[in-house]
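All remarks here apply to the structure that follows.
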Amino acid sequence: MNVTRWPAEAIWEAVFAVLPGFSVEVLPEIDSTNSELMRRARAGQCEPVLLVAERQTAGRGRLGRDWQSDTQGDGGTLTFSLGLPLQPADWSGLSLAVGLSVVQSLHPELQLKWPNDIWWQGRKLAGILIETASAGTQRYAVIGVGINITPRKGGGLRTPPAALQELLPEVDAPEVLHRVIAPLVQAVLTFTTEGFAPLRSAYQARDLLAGQAVVCTDGTQGTALGVDASGVLLVDTGAGTVRINSAEVSVRPVSAPPLNPS
Ligand code: BTN
């Protein structure tokens with residue numbers, strides 16, 4: 001049997017100084033790392049923790065969707081959640097800051113698809129699910145990240161997912177975890193004091209949607225113009241610029257006819 005060696009100690013050493021009380025936990029199997037940390041937070045366990053699962057049996061995505069990951073637990077997908085008490089002045093843009101940190105740790109070719117997907121060459125490579133629970137006077141944030149490491153079947157998805165090994169053949173799940181976590185913790189802590197605004201230009205350099213025709217689930221159609229200083233998506237509908245900030249909105253490039261055919 002192949003036992004995966006996770007760099008738990010190295011990650012702890014890189015993080016504990018900036019996040020007192022931090023711990024790292026690796027489980028062979030759990031329903032969902034996000035669900036587990038939310039259960040713990042609701043039970044009053046609100047310490048900073050990194051929870052990694054080798055296998056999720058009920059991974060969750062945004063908008064109540066399932067997150068299908070590697071069911072063998074053989075490192076095909078990296079799934080983890082970072083839980084920590086957080087009190088930013090403004091929460092908007094947190095998921096963008098998280099996605100930006102992850103892509104910056106991994107590869108210059110990775111792109112961000114608003115609000116919190118990571119894509120490569122027109123295919124989704126990773127997803128982010130952020131949830132919060134009450135933690136006394138603060139909130140407890142659970143930042144869940146799932147990254148496809150090895151190529152896998154589409155599983156009924158319209159576009160088959162991308163995998164990091166297509167881009168970085170030498171990496172495996174433990175190595176990716178090691179690369180990503182310390183910068184991610186730092187990015188989240190910096191976000192709490194500075195917000196999204198200082199990250200806007202770095203986000204725009206990775207923005208998959210900028211300049212593309214998009215359609216939103218609230219019916220808005222137009223050309224994506226990028227994001228504003230709080231991470232809100234701006235869409236030029238032809239009749240003006242619409243601000244898209246609802247978590248209930250998903251955005252997808254479309255091959256739509258021109259908005260104002262002449
Ligand atoms: C999405 O693409 O809609 C978000 C996917 C988030 C998946 C990660 S995997 C680790 C954590 N646990 C979950 O159940 N979901 C997140």
Side-chain angles (χ1 to χ4, degrees), residues 4 6 11 24-42 48-84 94-103 105-106 110-120 122-133 140-150 152 154-164 173-174 176-177 180-181 184-185 188 206 208-209 216-217 233 246-253:
T4 309
W6 293 95
I11 291 172
V24 180
E25 205 177 322
V26 181
L27 297 176
E29 181 177 299
I30 191 88
D31 54 350
S32 147
T33 53
N34 264 46
S35 300
E36 173 63 11
L37 292 192
M38 289 295 285
R39 282 191 293 265
R40 292 184 191 180
R42 290 190 195 108
V49 62
L50 171 67
L51 181 63
V52 183
E54 293 183 338
R55 178 169 184 263
Q56 288 193 137
T57 54
R60 294 187 291 111
R62 288 182 61 247
L63 309 174
R65 291 190 282 252
D66 292 341
W67 167 260
Q68 295 176 16
S69 53
D70 163 40
T71 51
Q72 309 304 312
D74 62 1
T77 313
L78 172 62
T79 52
F80 68 85
S81 298
L82 174 69
L84 73 172
L94 175 59
S95 69
L96 281 60
V98 168
L100 182 62
S101 171
V102 172
V103 297
S105 295
L106 292 177
L110 295 178
Q111 289 188 292
L112 295 160
K113 178 168 170 285
W114 191 93
N116 45 12
D117 284 349
I118 295 172
W119 282 52
W120 180 63
R123 291 173 294 141
K124 181 165 170 170
L125 182 125
I128 295 160
L129 174 66
I130 300 182
E131 300 175 289
T132 66
Y140 189 77
V142 176
I143 298 169
V145 180
I147 303 175
N148 301 322
I149 305 295
T150 59
R152 61 191 169 102
L157 299 175
R158 201 178 327 187
T159 312
L164 199 57
V176 174
L177 186 75
V180 158
I181 295 302
L184 175 60
V185 168
V188 171
R206 305 268 192 161
L208 174 73
L209 296 176
C216 309
T217 52
L233 179 69
S246 165
E248 304 306 314
V249 176
S250 68
V251 184
R252 177 170 298 129

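Both ligands and their constituent atoms are indexed starting at 1 by order of listing.
Minimum interatomic distance between Ala58 and Ser32 (heavy atoms only, all atoms of both residues): O-CB, 3.4 Å. Between Ile149 and Ala163 the shortest heavy-atom distance is O-CB, 3.6 Å. Across all non-hydrogen atoms, the minimal contact from Leu110 to Trp120 is CD2-CB, 3.8 Å. Minimum heavy-atom separation, Thr33 to Ser81: OG1-OG, 2.7 Å.
For atom 12 (N) of ligand 1, the closest heavy atom belonging to the protein is Gln56 OE1, 2.9 Å. With respect to atom 15 (N) of ligand 1, the closest heavy atom belonging to the protein is Arg60 O, 2.7 Å. Scanning the protein heavy atoms around atom 2 (O) of ligand 1, the nearest turns out to be Lys124 NZ, 2.5 Å.
Every atom of ligand 1 is numbered from 1 in the order shown, and the set under 4.0 Å from a heavy atom of Thr33 is 10 (C), 11 (C), 12 (N). Against a heavy-atom cut-off of under 4.0 Å, Gly61 is close to the following atoms of ligand 1: 1 (C), 3 (O), 4 (C), 5 (C). Heavy-atom contacts of Arg62 reach the following atoms of ligand 1: 1 (C), 3 (O), 4 (C) (cutoff under 4.0 Å). Within ligand 1, the atoms closer than 4.0 Å to a non-hydrogen atom of Ser81 are 11 (C), numbered from 1 in the order shown. Interface atoms of ligand 1 facing Gly59, defined by a heavy-atom separation under 4.0 Å, are 14 (O).
Checked options Arg39, Gln56, Arg60; the residue passing with Asp31 is Arg39 (criterion: side chain to side chain donor-acceptor pair (under 3.5 Å)).
With hydrogens and angles ignored, the 3.5 Å screen pairs a side-chain donor or acceptor of Asn34 with a backbone N or O of Leu129.
Considering backbone and side-chain N/O of Arg65, none are found under 3.5 Å from N/O of ligand 1. The distance criterion of under 3.5 Å between nitrogen or oxygen atoms is not met by Trp67 with respect to ligand 1. Residue-to-ligand polar distances keep Thr79 apart from ligand 1: every N/O pair is separated by 3.5 Å or more.
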Inset, instruction - Go through Leu94 and Val98 one step at a time and tell me if the side-chain contact (heavy atoms from CB on, under 4.5 Å) criterion holds. - result: CA-CA 6 Å; Leu94 175 59; Val98 168; 4.1 Å; yes
Inset, instruction - Go through the steps to decide whether Ile147 and Leu106 satisfy the test side-chain contact (heavy atoms from CB on, under 4.5 Å), and finish with yes or no. - result: CA-CA 11 Å; Ile147 303 175; Leu106 292 177; 4.3 Å; yes
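Proximity of Asn116 to ligand 1, defined as any heavy-atom pair under 4.0 Å, is not found for any part of the residue. Neither the backbone nor the side chain of Leu63 has any atom closer than 4.0 Å to an atom of ligand 1 (non-hydrogen atoms only).
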